[in-house]
Amino acid sequence: MSDKVVTRFAPSPTGYLHVGGARTALFNWLWARRTGGTFILRIEDTDQKRNTPTAAKQVMDDLNWLGIGWDEGPEAGGPNGPYLQSERRDIYDKHIRQLLEEKKAYYCFDSTEDLDALREEAQAQTGGFAYRRPDKFPTAEDAEKARAEGRPVTVRFAVPQDEPLVVQDVVRGAITFAPREISDFIIQKSDGFPTYNFACVVDDRLMKVTHVIRGQEHLMNTPGQQALWRALFPDTELPTYAHMSVTVSDTGGKLSKRERPKVLREAITQMPDIHLDKLAQVAGLTRQQLDSFIAGTTAPDMPSIDAMAQYLGVSLPEINIVDFFKSGYLPETMVNFLALLGWNPGDDREIMPLPELIDAFDLARLTKSNSLFDRKKLIAFNTEHIKMTPPEKLREHLRDYLKVIDSPILKGDDELLARLIKICEGARTLADIERKSRFLFTDTVEYDAKAVNKVLLKGDGLAILAIVRDKLAAMDQFSEEKIETMLRTLAEEKQLGLGKVAQPLRVAICGNTISPPIFDSVQMLGKEETLRRIGNALEKFRADGK
RNA sequence: GCCCCCAUCGUCUAGUGGCCUAGGACGCCGGGUUCUCAACCCGGUAACAGGGGUUCGACUCCCCUUGGGGGUACCA
């Protein structure tokens, strides 16, 4: 088969794109790029209960941030659209009718309670459940009657029972399933929508998908889907399947969206003196909603969670792709890191720019076993990527980051951002740069008690600070070189390490012991503001200390 | 319960029967550099889950046990 490769990412739009989904999207995308093929984005919105109206947009935003663009799909269009399954109802209906006519599918009128009872019974007997196919299929008239009586009408696919179902998988080889293990599954729900297992097969065929790359959680669906494919499209070739390993969290269990609310809830429970009314207000929740969240019965939406975490100073594990964005990771880092979860180039390369990644990617090198998402290693990757990203590009990333967290540094122009990047060399995340430099853009200094105590109150930090103030005041040229010379000379004169001189000054101007190099920090703050802050500090802590 | 998948340092992994006294990366530990945080430099620690086979020879092949993961929906 020499046809062009076609892959697809088919998320159900239930919320933000999380790392697992991003990895699936990435592998499909990489394979399409590697082979010069097509990458399709298809939105699987067949569950009316679960879909939120903005979720598809959120997923697309996240993919775009990662740089994973689709050749066909929503917004991009394409010859095999529409790409929202909710807009393809007539297509599914047609194929359902075909199966019904060919007696390859049949109507069912069971209620939820009926099915529960059947399952319970099967559980007790054999341990496995397979829907018992009726000897005679209900007719269309029967279905009409049932509908009129208000009973639920679904359609099930009659899974062929004559031979074992063998799935050929790129990563796992041949996997054999006994046909009786595969139940006659529902292909059309009582609300008329197709189920995932059905829509997926129809669309993969109609969209000419050649490679289905997805998580291991879909492995058990595959024999049924393949049987359906053969029933629907005899004499056509099945796509190639690759079931990737799953990624689990390093905080314990499964990498799940529920982790963030969980961590926050635990943090709240452990804080003895929290003003809960204030917290509710910060989160934009009623007190009742907050109590319900703390009790573990509900989880508020993401902005509320974020707001509370920020207010309480709790850092939550990043799960969604936007979380990583907001934590100051570069998209290049995420792509590189995610690619290496369940795949490797076969040599010792790890930090790889995108073109290299694409060039090296190969489905044949997918890993079989599950992997843990190691945030420590992610940070190391980000540090490397920050180092190797060209300054202009990094500046764009920084500006995007500042926007998303709404930082006061946003006021700075390009030249200034470029300088911050330069003097914050070695930063691990964009958040490092922001945190360090923020003091340059705020009017008031928030003093960190520990830093003040250690650097200003203990020893003669204040005395040195006073001298530094006078020396700075006397300078007519306020360049970082002059400032450096002055501070070094002073340290030498006093027979002190530079730290003894620099640290009091640092705490005075930024409130803690962390900032960009002191000479740059002072110069950028400016003479007037630096002197003002030193003055404030002297006044405040001389009084306090005595 | 039943079905399916997986199993090398703490973590991600290389390894496709002899090249393995098991390699790399992150972490961790020790040392160096340093105005803070980082970054950087040098060194070190650490793994083939257990038991049976097959073979002249098993990390590599087979079986069992154990452990982990997934599925078992009118969710995808």
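Throughout, a chain's letter reflects where its sequence line sits, starting with A, and its residues are numbered from 1.
Each of U36(B), C6(B), C12(B) was ranked by its minimum atom distance to the side chain of Leu341(A); first place goes to C12(B). Of all nucleotides listed (C35(B), A39(B), A14(B)), A14(B) comes nearest to the side chain of Asn344(A).
Arg172(A) contributes no side-chain N or O that forms a donor-acceptor pair with the base of C5(B) under 3.5 Å.
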Classify every nucleotide of nucleotides 20-30 of chain B by which part a protein heavy atom approaches to under 4.0 Å, writing B for the base, S for the sugar-phosphate alone and - for neither, in 5'-to-3' order. ----BBSS---
Going 5' to 3' through nucleotides 70-76 of chain B and flagging B where a protein heavy-atom sits under 4.0 Å of the base, S where only the sugar-phosphate is that close, and - otherwise, we get BS-SBBB
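Nucleic acid contact class of Ile518(A) (heavy atoms, under 4.0 Å, all strands): base. No contact: Phe337(A) has no heavy atom under 4.0 Å from any strand. Looking at heavy-atom distances under 4.0 Å, Glu425(A) makes contact with a base. At the heavy-atom level, Lys500(A) lies nowhere under 4.0 Å from the strands shown. Across all strands shown, Arg180(A) has no heavy atoms under 4.0 Å from either base or sugar-phosphate atoms. Across all strands shown, Ser515(A) has heavy atoms under 4.0 Å from base atoms, whether or not it also approaches the sugar-phosphate. When heavy atoms are screened at a 4.0 angstrom cut-off, Gly497(A) is found touching no nucleic acid atom at all. Residue Thr513(A) is in base contact, counting any heavy-atom pair closer than 4.0 Å across all strands shown.
Within the structure, salt bridge (Lys or Arg N to Asp or Glu O under 4.0 Å) pairs that include any residue of residues 118-129 of chain A comprise Asp116(A)-Arg119(A) (at least two apart or interchain).
A cation-pi arrangement is present between Arg156(A) and Tyr131(A), with the terminal nitrogen or guanidinium carbon under 6.0 Å from the aromatic centre and inside a 45° cone about the axis. With Phe373(A) as the aromatic partner, Arg375(A) does not meet the cation-pi criteria of under 6.0 angstrom to the ring centre and within 45 degrees of the ring axis. Geometrically, Arg89(A) engages Phe193(A) in a cation-pi contact defined by less than 6.0 Å to the ring centre and at most 45° from the axis.
For the P atoms, the distance linking C2(B) with A46(B) amounts to 42 Å, nearest Å. Rounded to whole Å, the separation between the C1' atoms of U45(B) and G27(B) comes to 11 Å. The gap from the P atom of C48(B) to that of C9(B) amounts to 7 Å, rounded to the nearest Å.
When Watson-Crick and G-U wobble pairs are counted only if both distances are under 3.5 Å, A22(B) pairs with no nucleotide at all. Searching all strands for a Watson-Crick or G-U wobble partner of G67(B) with both distances below 3.5 Å returns C6(B). Here U54(B) sits opposite no nucleotide as a Watson-Crick or G-U wobble pair (both hydrogen-bonding atom distances under 3.5 Å). The pairing partner recorded for A14(B) is none, the criterion being a Watson-Crick or G-U wobble arrangement whose two distances lie under 3.5 angstrom. Taking a pair to require two hydrogen-bonding distances under 3.5 Å in either a Watson-Crick or a G-U wobble arrangement, U34(B) remains unpaired. With a cut-off of 3.5 Å on both pairing distances, the Watson-Crick or G-U wobble partner of G44(B) is C28(B).
There is a side-chain donor-acceptor pair under 3.5 Å between Thr222(A) and His243(A). In the model, Asn336(A) has no side-chain atom that pairs as donor or acceptor with a side-chain atom of Thr333(A) under 3.5 Å.
If you look at Phe361(A) and Trp343(A), their ring centroids are closer than 6.0 Å. In summary, the aromatic rings of Tyr447(A) and Phe541(A) are positioned with their centroids under 6.0 Å apart.
Nucleotides of RNA chain B nearest to Trp343(A) and Phe519(A) differ in position, and the one nearer the 5' end is that of Trp343(A).
At a threshold of 4.5 Å between non-hydrogen side-chain atoms, the residues Leu165(A) and Thr176(A) do not count as touching.
In this structure, CD of Gln503(A) is placed 10 Å from P of C35(B), rounded to the nearest angstrom. For the pair Ile379(A) CD1 and C12(B) C1', the computed distance is 15 Å after rounding to whole Å.
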Applying ring-ring contact (aromatic ring centres under 6.0 Å, His included) to His211(A) and Phe39(A), what does each step give before you reach the verdict? CA-CA 10 Å; His211(A) 294 254; Phe39(A) 174 65; over 10 Å; no
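When every heavy atom of Asp184(A) is checked against every heavy atom of Arg133(A), the shortest pair comes out as OD2-NE, 2.6 Å.
Between C35(B) and Arg488(A), a contact under 4.0 Å exists linking OP1 or OP2 to a side-chain N or O.
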